[in-house]
Amino acid sequence: VPALVMGDHPRRAGRSEGAGMNSRVLGGLCAIAALGLDQGTKALALNAPALERGVEILPFLNLVRVLNDGVSFGMLSGVVPWWGLIALAGVIVAWLLIWLWRAPGRLTAAALGLIIGGALGNILDRVRYQAVPDFLDFHYGSYHWPSFNLADVTIFCGAALLFWESFRSATDKPGQGQGKENTTGV
């Protein structure tokens, strides 16, 4: 059974030489963790009546309950129907799953898993509520960042890891950033 799960060859198993865990499994576990954490915290927020009025946790953080029928920062609210956002997100998740299947390493797979899990959490909310529950409200004085949820956090963290990985990969390749040799003799 372990050979079936891990594969008998590193390339067929979706992992690089010397990797301890199959990158696809790692990405899947990250997606499940992100989805579970997101849905669990949203369930708590939706079932806490005090959040309707807002609860100050720290001088710069409130817990609130907001239903966002748009995308990031409420953009496209009322412009694109909820089912259109589900369709778009579904296509993006399908593309991310293909990328995860072909992921070259564990960091990329973990990052993709975080993004996929967060996106699936928001898709599930749109199916159930035709909106996404947000509950984290960071602010400085009277200036408030748009409220968000843990799906947004996992999507951001996954994207940040992909961004970091792209720079890390570029510095690992010899000759990266160097121009072609001058072959004209000038």
Got [X] and [Y] here, is their nearest side-chain heavy-atom distance under 4.5 Å?
X      : Y     : answer
Phe148 : Asn68 : no
Ile98  : Trp95 : no
Phe138 : Phe60 : yes

Going from [atom1] on [X] to [atom2] on [Y], what distance comes out if it is rounded to the nearest 0.5 angstrom?
X      : Y      : atom1 : atom2 : answer
Leu96  : Leu162 : CG    : CG    : 8.5 Å
Phe156 : Leu161 : CZ    : CG    : 10.0 Å
Leu120 : Ile115 : CG    : CD1   : 12.0 Å

Does the pair Asn62 and Ile57 meet the rule for a side chain to side chain contact (heavy atoms under 4.5 Å, CB included), with working shown? CA-CA 5 Å; Asn62 298 330; Ile57 302 300; over 6 Å; no

Out of curiosity, does [Y] fall in the hydrophobic cluster containing [X] (side-chain heavy atoms, cut-off under 4.5 Å, transitive links)?
X      : Y      : value
Tyr129 : Leu124 : no
Leu67  : Ile123 : no
Leu61  : Trp145 : yes
Leu58  : Val153 : yes

Which heavy-atom pair separates Gly118 from Thr154 by the least distance, and what is that distance?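 Gly118 and Thr154 have their closest heavy atoms at CA-OG1, 3.4 Å.
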
Contacts table for residues 30-40: side-chain donor-acceptor under 3.5 angstrom, sequence neighbours left out:
from, atom 1, to, atom 2, distance (Å)
Asp38, OD1, Lys42, NZ, 3.0
Asp38, OD1, Ala151, N, 3.1
Asp38, OD2, Lys42, NZ, 3.0
Gln39, OE1, Arg128, NH2, 2.3
Gln39, NE2, Gly121, O, 3.2
Gln39, NE2, Asp125, OD1, 3.3

Test item: Asp152 side-chain N/O and Asn149 main-chain N/O as donor-acceptor pair under 3.5 Å: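 Yes; at least one donor-acceptor contact below 3.5 Å.
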
Just do the side chain to side chain contact (heavy atoms under 4.5 Å, CB included) check on Asp134 and Val132 with the steps written out, would you? CA-CA 6 Å; Asp134 290 330; Val132 174; 4.0 Å; yes

Apply the side-chain contact (heavy atoms from CB on, under 4.5 Å) test between Val64 and each candidate in Asp137, Leu51, Val55; give the one that qualifies.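 In the set Asp137, Leu51, Val55, the residue that makes a side-chain contact (heavy atoms from CB on, under 4.5 Å) with Val64 is Asp137.
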
Taking atom CZ as the centre, does Phe163 end up with more than 12 heavy-atom neighbours from other residues, nucleotides or ligands that are less than 6.0 angstrom away?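 Atom CZ in Phe163 is not packed in, count stays at 12 or less.
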
With ILVMFWY side chains joined below 4.5 Å, transitively, what does Tyr143's cluster contain besides itself?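 Direct or chained contacts put Tyr143 with none.
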
What's the verdict on side chain to side chain contact (heavy atoms under 4.5 Å, CB included) for Phe135 and Leu44, showing C-alpha distance, side-chain angles and the deciding distance? CA-CA 10 Å; Phe135 57 90; Leu44 291 172; over 6 Å; no

